[in-house]
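First comes the structure, then the notes that go with it.
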Amino acid sequence: MSDKGDVDLTGAKQNTGVWLVKVPKYLSQQWAKSSGRGEVGKLRISKQQGKAEVSFTLNEELTTIDGIGEKAALVRAPREHPFTMQTVGGQTLAVFTESSSGQSDTDGSSSGTGTGPDKIALEGVVVQRAECRPAVSDNYMRLKRLQIEESSKPVRYSQQLEKPVTTNYKPVANHANNLEYDKKKKEEGKRARADKQQVLDMLFSAFEKHQYYNIKDLVDITKQPVIYLKEILRDIGTYNVKGTHKNTWELRPEYRHYQGEEKSE
Amino acid sequence: MASLGGGGSSATEYVVRVPKNTAKKYSIMAFNAGDKVNCSTWTQARMERDMSNRRMYAEEEATEGAAGSEFGKKQREEARRKKYGIITREFKAEDQPWILKVNGKAGKRFKGQKKGGVTENASYYIFTQCPDGAFEAFPVHGWYNFTPQAKHRTLTAEEAEEEWGRRNKVVNHFSIMVQRRFREPERGDDEEEEGEKGGKKKKKGGRGGDLRIHDLEDDLEMSSDDSDSSMGEDGEGKSKKKVSDAKGKGKKKKGSKRNAAEDSDDGDFEGVEVDYMSDDTSSEEDEPEKVKPSKTEDVPKGVDEMSDSEEESEEEKQNEEETKEEEEEEEGKKTPVHMEKKKKKGEKDSSGESDTSDDSDIEGEAASALFMAKKRTPPKRGGGRGSTGSSRTGSRPGTPSIDSGSTSNTLRAAANKLEQSKRQMPPVSSETPAAKRLKMEPSPQSPQPSGKSTPQPASGKSTPSSSDVQLTEEAVRRYLIRKPMTTKDLLKKFQTKRTGLSSDQTVNVLAQILKRLNPERKNINDKMHFYLTE
């Protein structure tokens, strides 16, 4: 097991050459449908008059397209795909792999097994670039047309309704929310003034947690009537009008003892 | 695997497989061809994600605790974001750049940034050939462009902008980085650094060090006696050049910055080389500093000539020698010829110093090339000893007689030099040294008691008859010959402080003098002016 981050350089040392091939989207979709060992087709490389010609032939069973709509069954993916070879040019391309789980790769060319998270291995260097092009045929044209039609459909569309929608809102004497609210209020009743000392205790413990409080929040916490609470607050605290903590109450400096501040009581 | 022969061309067919469940994700590592990266030469490599951007996305919880926090702040922030529709992008580890380190610490470093849009419209596959002859195709999940990272130090954006502004002036580019390194550690390290590089590079000056050779317009060589700091302090034995150098390059200051700041003042020092009176030089280094600010002040002031009130008040500050200076000022307004006359009338101290100081002073004056003398300058000059020639510059040009502090001794010499010096550009420094010299000189000078200031005022005030500034018929006559003046002007000329008389007395004496002189009258601007023709 190697340290995370170490790159396995066996591929680079062997200078394994690989090809980088650009494949059209529909073809890669077809390839994804392959079964078994994953055989998708055949690659033919021939040398004619000094030039290498590469062509790929898609397997028969993979030519069926699962598309949406009625036309799908009629259209089939083309089978012949000549490759256009290109030079690697102004870039040095290397291939590296990340493996996130401990599965070993049975193929010979890959190196290393990922036993830890994100094992990185250098597989090789790109020696040839190619583009896979479909051979032009009626099949292909139909396929393309289908694709265009699909993509040109607007995402949103308007639909006419026959009857008005009656499932959402119905007139109600009193909404459920309101009923609950009223019940809650009745239970709670009016807030009663507790002992001043008790309220002070509650306030101090609240200010221990946070420095700035809104008056509403304090009312919530202490369950005291607002006027009473404000009186008490005026004794021990100040009201912040300006600054970042606007309209908030905080304790007076002499009562404070925060870690961040360097004041003490 | 099956080979087909036919048609004269050879073709081989290979099976293409797309493995289904592979745990490995393939990505492309792209290097620029110019970087000449050869993966096979790497002995060891480490690569990991660059997580430095995580902070940007994560919300910083500055204060969880009590101090500075608000109740319900998080909820409020969230509600606010929703209200305004602010959507913060998530931090996706997958999209972060890679950091690749090759061959350990001493090797290269690369940063690999993800290239977007690769898998959108077409898929890339990696075709590798297996031992059994078949091809295997693996889809590419990401494309990263790797660029080498500089290990050497670079300038920050602000520094780069500064240097860009100076690109036409800087010749020695090595020093840019060297100085940058200086600024970071203590200044005391300068010397060490310089010791290292002294021989190799030309210094832009401004760095502390023994030998300075300037690349810039000043081709002056500064020989520093001691280390940087001493340059400013030791005043002895330094030529005036040093002043300019110090001024321009800053003894203790880092050269480049100082240089840039002082570029505009370079011209002031052109005439410095003239004077080599090393004996007389006092600590000029201080002067430049003071001089500079004062000089700039003076110049604009100097332009307003007849701002009597200003001048007068300043004079009072400086006073002492003022008596002479006052006269000189007035004459300074006129042609140098008059100046000379006045100067001759003035008292003279030891000419030795005065000469030198005069030279410097005069040069300074001429340099400014302003027209009218400023009363101001003379008084300032006089007091300038103390105030380091703040007054100097302003009034120079027109008033050769205005020798700061040299009132008595330098008058004649100043007048003589004035015409010579007019051609030269007296550097500010000259004035300052002059001023300084005057300061120091007075003490050793026997003719004048230490501190010209003291004798002068004494002489001026206590002996009305001898001082030029005194309210004499001669003085009035001179004024009136020069130009028509009102009584008010005349009174201003003979200020009570100068003449030592009270205002009443001044008025009386002036009236008597006028009766005696019987000047002609003329009405200018509805005011009665007196004048004499001779």
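In what follows, chains carry the letters A, B, and so on, assigned in the order in which the sequence lines appear, proteins first and then strands, with residues in each chain numbered from 1.
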Closest contact, heavy atoms only, A/Q91 versus B/N145: NE2-OD1, 3.9 Å
Engaged part of A/L218 at the chain B interface, taking heavy atoms whose separation is under 4.5 Å: neither
Minimum heavy-atom distance B/K20-A/K33, with the two atoms named: NZ-C, 4.2 Å
Nearest-0.5 Å distance that lies between atom CG in B/L100 and atom CG in A/L122: 8.5 Å
Contact summary for A/K25 and B/N121, nearest pair of heavy atoms: CG-O, 2.9 Å
Side chain, backbone, both or neither of A/L20 within contact of chain B (heavy atoms, under 4.5 Å): both
Spatial distance of atom CG (A/L43) from atom OH (B/Y14) [nearest 0.5 Å]: 8.5 Å
Close side-chain approach of A/F56 to B/F127, heavy-atom, < 4.5 Å: no
Per-residue contact mode, B/V18 against chain A (heavy atom under 4.5 angstrom): both
Geometric class of the B/Y125/A/W31 ring pair [parallel <30°, tilted 30-60°, perpendicular >60°]: perpendicular
Taking every non-hydrogen atom, the tightest pair across A/T92 and B/A33: OG1-CA, 4.0 Å
Heavy-atom contact with chain B under 4.5 Å, split by part of A/A32: backbone
A/T16 vs B/T128, side chain to side chain contact (heavy atoms under 4.5 Å, CB included): CA-CA, chis, key distance, verdict: CA-CA 9 Å; A/T16 352; B/T128 54; over 6 Å; no
Within 6.0 angstrom of B/E78 CD, more than 12 heavy atoms from elsewhere: no
Between A/P24, A/G90, A/G17, the one whose heavy-atom pairs under 4.5 Å with chain B are most numerous: A/G90
Reported CD-to-CD distance for the pair B/E136 and A/E39, which is rounded to 0.5 angstrom: 11.0 Å
4.5 Å side-chain heavy-atom contact, B/R76 and A/N214: yes
Approximate separation, where rounding is to 0.5 Å, of A/E123 CD and B/F138 CZ: 8.0 Å
Least distance between heavy atoms, B/C39 atom then A/A94 atom: SG-CB, 4.1 Å
Polar side-chain atom of B/K24 near backbone of A/I120 as donor-acceptor pair, under 3.5 Å: no
Exceeds 12 heavy-atom contacts within 6.0 angstrom, atom NZ of B/K25: no
Closest-packed option against chain B by number of heavy-atom pairs under 4.5 Å, given A/V88, A/V40, A/I45: A/I45
Parallel, tilted or perpendicular: ring planes of B/Y144 versus A/F96, cut at 30 and 60 degrees: tilted
Greater than 12 external heavy atoms within 6.0 Å of B/I87's CD1: no
Residue B/Y124 versus chain A: region with a heavy atom under 4.5 Å: both
Heavy-atom contact with chain B under 4.5 Å, split by part of A/Y26: neither
Residue part contacting chain A, namely of B/T41, when any heavy atom lies under 4.5 Å: neither
Pairs of heavy atoms under 4.5 Å with chain B: top-ranked of A/N59, A/L93, A/V54: A/L93
Enclosure of B/K114 NZ (heavy-atom neighbours >12, cutoff 6.0 Å): yes
Audit row: A/W19, B/I126, side chain to side chain contact (heavy atoms under 4.5 Å, CB included) steps and yes/no: CA-CA 6 Å; A/W19 286 10; B/I126 295 285; over 6 Å; no
Option in B/A137, B/A45, B/P139 with maximal non-hydrogen atom pairs under 4.5 Å from chain A: B/A45
Interface residue of largest heavy-atom contact number with chain A, from B/E120, B/K101, B/K36, B/H141, under 4.5 Å: B/E120
Nearest atoms (heavy-atom pairs only) where A/K42 meets B/V16: C-CG2, 4.2 Å
